[in-house]
**Q** 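Following this message is one structure expressed as structure tokens.
The shown structure was predicted, so the numbers you read here are calculated from the model rather than taken from an experiment. Residue numbers begin at 1 in each chain, while the letters A, B, ... track the order of the sequences. These numbers come from the heavy atoms of this one structure, side chains and all, not from hydrogens, waters or symmetry mates.
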Amino acid sequence: MVFLSGWINKKRDHGNLLFIDLRDNYGITQCIIDKDNSNFNQLEKTQLETVIQIHGKVVHRSKETFNDELETGEIEVLIEKFLILGECKELPMPVFSDQDYSEEIRLKYRFLDLRRKKIHENIILRSKVISFIRSEMEKLGFLEYQTPILTSSSPEGARDFLVPSRLNHGKFYALPQAPQQFKQLIMVSGFDKYFQIAPCFRDEDARADRSPGEFYQLDLEMSFVDQEDVFNVVENLLVNTFKRFSKNKLLTNKFPRISYSDAMIKYGTDKPDLRNPLVITDITDIFFREDVSFEIFKKLVKNGSKARCIVTKKTKDKPRSFFDKIDKWSKDEGFSGLAYFTIEKNKEITAKGPVGKFFSKEALEKIMSTTSAEVGDSIFLACDKLKDLEKMTSLARDKIAQELNLIDNSIFAFCWIVDYPMFERDEKTKKIIFSHNPFSMPQGDIKNIDFKNPLNILAYQYDIVCNGIELSSGAIRNHIPELMYKLFSIAGYEKDQVEKKFSGMINALSYGAPPHGGIAPGIDRIIMLLANEKNIREVTMFPMNQNAQDLMMSAPSEVSETQLKELGISLRGKK
RNA sequence: GGGGGUGUAGCUCAGUUGGUUAGAGCGAUCGCCUGUCACGCGAUAGGUCGAGGGUUCGAGUCCCUUCACUCCCGCCA
């Protein structure tokens with residue numbers, strides 16, 4: 001006699017014989033009862049998804065009734081009696097089904113949605129990956145420390161979630177965007193290897209790969225290290241994790257390193273998908289030549305625009321519609337379009353296509369040598385102001401590769417993006433601003449940094465990218481207060497402002513701070529890659545919708561007048 | 001804040017050029033069925049066509065407004 005408890009996943013009712021698929025966390029077991037049993041009628045009437053306990057006998061199935069798709073497919077349970085442990089009303093959505101459902105109903109009835117196989121497995125995978133990461137980090141000598149959830153609002157970066165203070169009317173806590181300052185303080189406190197599966201809160205708009213509100217990072221920081229030490233730790237960790245939890249191959253075990261400036265030229269973005277073999281080449285110079293008469297591009301280039309191109313190999317036989325489709329796509333995306341031609345050779349090199357006639361033989365040969373294009377290849381050309389051009393060519397590179405089916409989905413292609421600039425010029429205000437983390441250490445000999453040309457200063461700042469998805473960014477930190485004041489002054493902050501805004505940090509760095517650095521890979525995105533999901537909600541147990549609402553718990557919600565009064569808050573009413 | 005997509009039965013969807021009483025599968029209810037594993041067969045119930053307004057003899061279908069969900073841009077150091 002066995003006891004088996006679970007949910008009624010599916011019934012197959014033969015009138016005098018009833019099959020029940022009973023489901024629990026581990027899988028499905030077929031149970032069976034016939035009309036001779038006095039419980040038959042009641043079980044026959046019991047709704048799907050009712051939780052029952054079966055008392056019965058495990059028996060081997062006859063060979064012709066084996067079910068290869070079930071782990072328990074060679075046995076079944078003969079039901080003697082059963083108990084209803086949890087009744088189930090009529091379901092708002094089926095649990096046993098491969099159909100897709102609207103997000104609205106899935107999120108409202110998340111507890112039902114989570115019973116379904118794929119997402120149930122994703123959540124279990126998430127738990128196992130996190131557990132694995134913890135044990136790997138501990139093996140490497142890292143210790144997990146918790147940092148505050150209620151902290152202070154920081155002026156840089158994302159919009160903060162604010163929490164009003166009851167004991168300090170008119171003042172607010174902020175939820176941490178990341179434990180950035182705390183982990184640096186942990187280093188200053190003499191703990192030298194910190195990690196945390198850290199919740200991070202940012203009040204910014206959602207995307208498919210970006211939860212609204214909250215997400216998790218593997219936050220880590222180390223003392224007395226340089227960039228290489230951080231790379232070693234993270235590279236090994238990610239290689240081990242991805243090999244353990246996915247069948248997909250890694251393109252390279254050693255992550256290639258690409259400088260930010262190279263990435264922006266070759267891929268138009270600092271998160272390139274390296275599964276895609278296409279590269280972008282700058283050919284602005286071509287349009288200054290006398291023997292090139294493509295006047296639209298020539299005029300744009302003269303006015304400061306850049307011209308770049310993407311070469312596709314052996315596409316001479318692609319129909320005109322292939323090229324036009326990509327040009328049309330570009331215009332639909334709001335860009336200025338992609339010109340194209342295919343390189344041919346009869347007696348001499350010529351270009352076939354709408355704009356081919358504008359290029360002389362010599363100009364074509366020059367293009368071929370700069371781009372390594374060969375006869376039979378095609379070239380897509382774009383011309384625009386640098387930022388727009390980068391954006392378009394980056395998207396075009398993905399689009400063209402998709403159209404040509406060049407991306408191998410069974411591969412993980414990691415890379416490091418390194419040598420980020422410390423500063424950049426704000427396009428609107430024309431002011432110099434920090435391009436990433438203001439606490440990053442500038443590269444080079446600290447005594448000889450060229451502060452006169454701040455845009456040339458590089459930082460020890462790095463990102464990990466996998467398959468075009470940004471997994472994390474990190475940096476070696478600036479632990480020298482004087483240098484920090486100097487850098488902040490370039491970005492327009494006076495010393496007293498810095499002291500006021502970052503008092504905790506600056507103060508701490510003044511009392512013997514070790515050199516330190518770290519990184520923070522995004523847990524949710526790692527799980528997305530491992531589970532092969534395009535949407536972060538598929539790997540999040542209780543996600544909010546795009547408008548940052550929890551449809552199951554009805555959050556956010558209104559609060560009582562009493563609660564507001566205690567906090568010293570009055571609402572201004574709806575806009 | 002802006003742009004795109006979707007919205008029809010509990011769920012997933014179809015619905016032609018604007019034309020009679022809005023359909024199907026799953027689910028529910030009832031009946032038949034002892035080896036199914038998406039069991040099978042028959043019947044019944046179930047609709048504010050997201051909401052509001054307009055055009056028209058007539059609107060699920062066309063127009064306007066609006067709401068919800070979603071994808072993208074901005075934003076996310």
**Q** Can you tell me which nucleotide in B:U36, B:C76, B:C11 comes closest to the side chain of A:Glu204?
**A**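 The nucleotide sitting nearest to the side chain is B:C76.
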
**Q** Name the orientation class of the two ring planes belonging to A:His55 and A:Phe3 (parallel below 30°, tilted from 30 to 60°, perpendicular beyond 60°).
**A**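 Judged by the thresholds at 30° and 60°, the geometry between A:His55 and A:Phe3 is perpendicular.
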
**Q** Please work out if A:Ser473 contacts a base, only the sugar-phosphate, or nothing of the nucleic acid, heavy-atom cut-off 4.0 Å.
**A**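 Result for A:Ser473 = nothing.
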
**Q** Is any side-chain N or O of A:Arg12 under 3.5 Å from a base N or O of B:C33, one able to act as donor and the other as acceptor?
**A**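 It does not, because no donor-acceptor pair links the side chain of A:Arg12 to the base of B:C33 below 3.5 Å.
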
**Q** Is A:Thr151 close to A:Leu175 at the side-chain level, that is, under 4.5 Å between some pair of heavy atoms?
**A**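 Sidechains of A:Thr151 and A:Leu175: no contact.
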
**Q** Would you measure the distance from the C1' atom in B:A59 across to the matching atom in B:C49 and give it in whole Å?
**A**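 Between the two C1' atoms, the distance is 11 Å.
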
**Q** Compare every heavy atom of A:Ser330 with every heavy atom of A:Leu338, then report the nearest pair and how far apart it is.
**A**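 The answer is N-OG, 3.9 Å.
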
**Q** Hey, which of A:Gln184, A:His479, A:Gln461 is the one that makes side-chain contact (heavy atoms from CB on, under 4.5 Å) with A:Phe439?
**A**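 Answer to the side-chain contact (heavy atoms from CB on, under 4.5 Å) test with A:Phe439 among A:Gln184, A:His479, A:Gln461: A:Gln184.
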
**Q** Identify the nucleotide, in any strand shown, that forms a Watson-Crick or G-U wobble pair with B:G31, with both distances under 3.5 Å; if there is none, say none.
**A**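 Here B:G31 is engaged in a pair, and the nucleotide opposite it is B:C41.
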
**Q** Let me know the distance between CD of A:Glu74 and P of B:U36, rounded to the nearest Å.
**A**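 The answer, rounded to whole Å, is 17 Å.
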
**Q** For A:Glu64 and B:G35, what is the distance between atoms CD and C1' respectively, to the nearest whole Å?
**A**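 Taking atom C1' of B:G35 as the reference, CD of A:Glu64 is at 9 Å.
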
**Q** Among B:A28, B:U36, B:U12, which is the nearest nucleotide to the side chain of A:Tyr101?
**A**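 The listed nucleotide nearest to A:Tyr101's side chain is B:U12.
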
**Q** NA contact type, A:Asp100, heavy-atom cut-off 4.0 Å: base, sugar-phosphate, or nothing?
**A**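 Here A:Asp100 touches the backbone only, sparing every base.
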
**Q** Report the residue (A:Asp13 or A:Arg525) whose heavy-atom-nearest nucleotide on RNA chain B is the more 5′ of the two.
**A**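 Between the two, 5'-proximity favours A:Asp13.
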
**Q** Could you pick out which residue, A:Leu48 or A:Lys11, lies toward the 5' side of RNA chain B when each is mapped onto its nearest nucleotide?
**A**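 Closer to the 5' end of RNA chain B: A:Leu48.
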
**Q** I need the CD-P distance between A:Gln177 and B:A77, as an integer number of Å.
**A**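 Distance check: A:Gln177 CD to B:A77 P gives 6 Å.
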
**Q** Are any of A:Arg202's side-chain N or O atoms less than 4.0 Å away from OP1 or OP2 of B:A77?
**A**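 It does, given that an N or O in the side chain of A:Arg202 lies less than 4.0 Å from OP1 or OP2 of B:A77.
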
**Q** Does A:Glu76 make a side-chain donor-acceptor contact with the base of B:G35, cut-off 3.5 Å?
**A**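 Checked by distance alone, the answer is yes.
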
**Q** To the nearest Å, how far apart are A:Phe96 CZ and B:U12 C1'?
**A**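 My rounded result for the distance is 15 Å.
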
**Q** Rounding to an integer number of Å, can you tell me how far A:Ile417 CD1 sits from B:A77 C1'?
**A**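 My rounded result for the distance is 18 Å.
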
**Q** In the structure shown, which nucleotide is the Watson-Crick or G-U wobble counterpart of B:G1, with both distances under 3.5 Å?
**A**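 Base partner found: B:C73.
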
**Q** Considering only atom P, compute the distance from B:C37 to B:G27 and round it to an integer number of Å.
**A**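 It works out to 14 Å between them.
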
**Q** For A:Gln181 and B:A77, is the shortest distance between a side-chain N/O and OP1 or OP2 below 4.0 Å?
**A**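 It does not, given that no N or O in the side chain of A:Gln181 lies less than 4.0 Å from OP1 or OP2 of B:A77.
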
**Q** B:U36 C1' sits how many Å from A:Glu69 CD, rounded?
**A**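 These atoms are roughly 13 Å apart.
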
**Q** One character per nucleotide, please: for nucleotides 2-10 of chain B, 5' to 3', B when the base has a protein heavy atom closer than 4.0 Å, S when only the sugar-phosphate does, - otherwise.
**A** --------S

**Q** Would you mind reporting whether A:Ser223 and A:Pro515 have side-chain heavy atoms less than 4.5 Å apart?
**A**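 The answer is no; the side chains never approach within 4.5 Å.
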
**Q** Can you tell me if A:His14 is stacked onto the base of B:C39, using a 5.5 Å centroid cut-off and an angle below 30°?
**A**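 Here A:His14 meets both the 5.5 Å and the 30° conditions.
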
**Q** Can you check the A:Glu424 CD to B:A77 P distance for me, whole Å?
**A**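 Value for this atom pair: 12 Å.
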
**Q** With P as the reference atom in both, quote the distance from B:U56 to B:U61 in angstrom, rounded to an integer.
**A**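 Per the computed distance, 16 Å lies between those P atoms.
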
**Q** Would you verify whether the NZ or CZ of A:Lys391 falls within 45 degrees of the ring axis of A:Phe335 while also being under 6.0 Å from that six-membered ring's centre?
**A**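 Ring-cation test returns no.
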
**Q** Below the 4.0 Å mark, does B:C39 have OP1 or OP2 next to a side-chain nitrogen or oxygen of A:Lys10?
**A**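 So the side-chain polar atoms of A:Lys10 do come within 4.0 Å of the phosphate oxygens OP1 or OP2 of B:C39, strictly under.
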
**Q** Say you pick atom C1' in B:A9 and the same atom in B:G5; how far apart are they, in whole Å?
**A**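 24 Å, rounded to whole Å.
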
**Q** With rounding to whole Å, what would you report as the distance between B:U8 and B:G52 at their P atoms?
**A**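 One P to the other, the span is 15 Å.
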
**Q** If we only count heavy atoms from C-beta on, is the A:Leu487 to A:Phe423 side-chain gap below 4.5 Å?
**A**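 A side-chain contact exists here, since the closest heavy-atom pair is under 4.5 Å.
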
**Q** Could you check whether the rings of A:Phe502 and A:Phe488 sit parallel, tilted or perpendicular, using 30° and 60° as the cut-offs?
**A**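 Answer is tilted, since the angle falls between 30° and 60°.
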
**Q** Assess whether atom OH of A:Tyr26 is packed by more than 12 heavy atoms of other residues, nucleotides or ligands within 6.0 Å.
**A**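 Incorrect, the count does not exceed 12.
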
**Q** Does this structure show an ion pair linking A:Lys399 with A:Glu403, if we count only N-O contacts that are shorter than 4.0 Å?
**A**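 Judged by the 4.0 Å cut-off on N to carboxylate O distance, A:Lys399 and A:Glu403 do form a salt bridge.
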
**Q** Can you tell me, in whole Å, how much space there is between the C1' of B:A38 and that of B:G23?
**A**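 Pairwise C1' distance, B:A38 against B:G23, rounds to 22 Å.
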
**Q** Counting side-chain heavy atoms from CB outward, which of B:C33, B:G35, B:A28 is closest to A:Leu17?
**A**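 Looking only at side-chain atoms, A:Leu17 lies closest to B:G35.
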
**Q** Would you mind pulling out the nucleotide paired to B:G47, Watson-Crick or G-U wobble, both distances under 3.5 Å?
**A**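 Pairing partner: none.
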
**Q** Does B:A68 have a Watson-Crick or wobble partner in any strand here, with both distances under 3.5 angstrom, and which is it?
**A**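 Its partner is B:U6 (Watson-Crick or G-U wobble, both distances under 3.5 Å).
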
**Q** Looking at B:G27, I'd like to know if its phosphate oxygens (OP1 or OP2) sit under 4.0 Å from a side-chain N or O belonging to A:Lys89.
**A**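 No, outside the criterion.
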
**Q** Can you find a donor-acceptor N/O pair under 3.5 angstrom joining the side chain of A:Arg210 to the base of B:C76?
**A**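 Present.
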
**Q** Using a heavy-atom cut-off of 4.0 Å across all strands, would you classify A:Phe66 as base, sugar-phosphate, or nothing?
**A**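 The answer is base, as A:Phe66 lies within the cut-off (heavy atoms under 4.0 Å) of a base atom.
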
**Q** Taking B:G2 as the reference, what is the distance to B:U66 when you measure between their P atoms (whole Å, please)?
**A**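 Per the computed distance, 10 Å lies between those P atoms.
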
**Q** Flag the pair A:Asp388 and A:Lys385 as a salt bridge only when some basic side-chain nitrogen lies within less than 4.0 angstrom of an acidic carboxylate oxygen.
**A**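 No, no charged N to carboxylate O under 4.0 Å.
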
**Q** Atom NZ of A:Lys45 and atom P of B:C30: how far apart are they, to the nearest Å?
**A**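 Atom NZ in A:Lys45 sits about 8 Å away from atom P in B:C30.
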
**Q** Can you tell me how far C1' in B:G50 sits from the matching atom in B:U6, rounded to whole Å?
**A**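 Per the computed distance, 11 Å lies between those C1' atoms.
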
**Q** Do the charged groups of A:Lys183 and A:Asp219 touch, with an N to O distance under 4.0 Å?
**A**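 Looking at A:Lys183 and A:Asp219, the cut-off is met.
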
**Q** What does nucleotides 68-73 of chain B look like as a protein-contact string, B for base, S for sugar-phosphate only, - for none, at under 4.0 angstrom between heavy atoms?
**A** SSBBSB

**Q** Quick one, A:Met422 and A:Met441 - any side-chain contact, counting heavy atoms below 4.5 Å?
**A**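 Result no, sub-4.5 Å side-chain heavy-atom pair not found.
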
